[in-house]
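First the structure, in the form of structure tokens, and then the observations on it.
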Amino acid sequence: MIIGIIGAMDEEVRKLKDEMKIESKMSKAKMDFFAGKLWNRDVVVVTCGIGKVNAAVCAQILVDDFKVDRVINVGVAGGIGEDIVPGDVVIASNLVQHDMDTTAFGDKVGQIPRMDTFDFKCDSSMIEAAKQACGNIKKHNSFVGRIVSGDQFIADVEKVRWLKSEFDAMACEMEGGSIAHVCYLNSVPFVVIRSISDNANTGAHMDFEKFVPIAVDNSIHILKGMLAII
Ligand code: ADE
């Protein structure tokens with residue numbers, strides 16, 4: 001089984017590459033794909049860049065060129081709701097693209113027109129594995145719920161309230177929903193796991209800088225636990 005691991009930022013992927021025994025490197029669409037062994041599992045690790053388009057292109061390359069059997073997207077997200085604080089982890093049960101809007105045609109916001117699903121559901125056994133692996137993160141809480149994605153860094157309390165009331169979202173980020181979309185189109189099981197770096201409010205960009213290193217450590221621990229199970 002080959003597992004594709006996508007991070008949006010180099011900070012998120014650098015440590016994983018250090019842990020890996022890299023067997024080959026392939027560059028395509030301005031992205032570097034590192035194939036090899038990570039804790040004895042066959043993986044392809046890649047930094048996709050920020051936003052839904054970069055993430056979608058990356059996921060499709062993993063499917064087409066590397067024939068990955070599973071996709072895991074790790075990274076940071078803005079937490080939605082008072083219970084979720086920086087350092088916590090949200091495992092996506094499903095994902096929606098919050099910036100998709102064809103309400104003018106009567107669709108619900110987030111619905112991709114003419115698509116047979118509203119949300120993209122993560123693989124249940126991968127969610128379970130992630131939940132188990134989160135037991136390794138003693139200091140922080142973990143949650144399972146909806147993650148919403150859009151090409152916007154959310155730093156606005158009103159917008160956060162809207163994401164909560166419209167989508168019942170637990171976290172917001174900028175790639176997961178499009179990776180989920182590509183995996184859905186290709187019938188590849190996937191999961192999105194995000195560490196909370198901020199609460200998507202006015203100070204979000206400052207918390208973000210501070211919590212990225214914690215998020216990176218969380219991801220490494222969770223992935224290590226998961227790869228031993230899936
Ligand atoms: N990633 C981390 N924090 C975020 C935020 N507040 N909005 C969008 N993506 C994020």
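Remember, it's a predicted structure, so these values are computed and weren't measured experimentally. Each ligand, and each atom within it, is numbered from 1 in the order the structure gives.
- Nearest protein heavy-atom contact of atom 4 (C) of ligand 1 is Phe153 CE1, 3.3 Å.
- Protein heavy atom nearest atom 9 (N) of ligand 1, with residue, atom name and distance: Glu173 CA, 3.4 Å.
- Between Asp168 and Lys164, at least one side-chain N (NZ, or NE/NH1/NH2) sits under 4.0 Å from a carboxylate O, which counts as a salt bridge.
- Side-chain atoms of Arg70 and Phe190, non-hydrogen and from C-beta on, never get closer than 4.5 Å to each other.
- Listed by number with element, the atoms of ligand 1 under 4.0 angstrom from any heavy atom of Ala200 are 6 (N).
- Atom 10 (C) of ligand 1 has Cys172 O, 3.7 Å as its closest protein atom, hydrogens excluded (heavy atom only).
- Checked for salt-bridge contact, Arg194 and Glu175 meet the test: a charged N lies under 4.0 Å from a carboxylate O.
- From the protein, the heavy atom lying nearest to atom 7 (N) of ligand 1 is Ile154 N, 2.8 Å.
- Here Asp151 pairs with Lys52 in a salt bridge; the nearest charged N to carboxylate O distance falls below 4.0 Å.
- Ligand 1 has no N or O atom lying under 3.5 Å from any N or O atom of Phe208, backbone or side chain.
- Tracing side-chain contacts under 4.5 Å through hydrophobic residues (I, L, V, M, F, W, Y), one never reaches Val13 starting from Val46; they form parts of separate clusters.
- Taking 4.0 Å as the cut-off, Arg194 does not count as a neighbour of ligand 1 on heavy-atom distance.
- Only the side chain of Asp198 comes within contact range of ligand 1, with a heavy atom under 4.0 Å; no backbone atom does.
- Here Gln60 pairs with Asp64, Asn186 under the side chain to side chain donor-acceptor pair (under 3.5 Å) rule; sequence neighbours left out.
- For the ring pair (Phe, Tyr, Trp, His ring centres under 6.0 Å) test, no residue two or more places apart in sequence or in another chain qualifies with Phe118.
- Contact annotation for Ser197 and ligand 1: only side-chain heavy atoms (C-beta onward) come within less than 4.0 Å of the ligand.
- Remark: ligand 1 and Ala155 share no N or O pair separated by less than 3.5 Å (distance only, no angle test).
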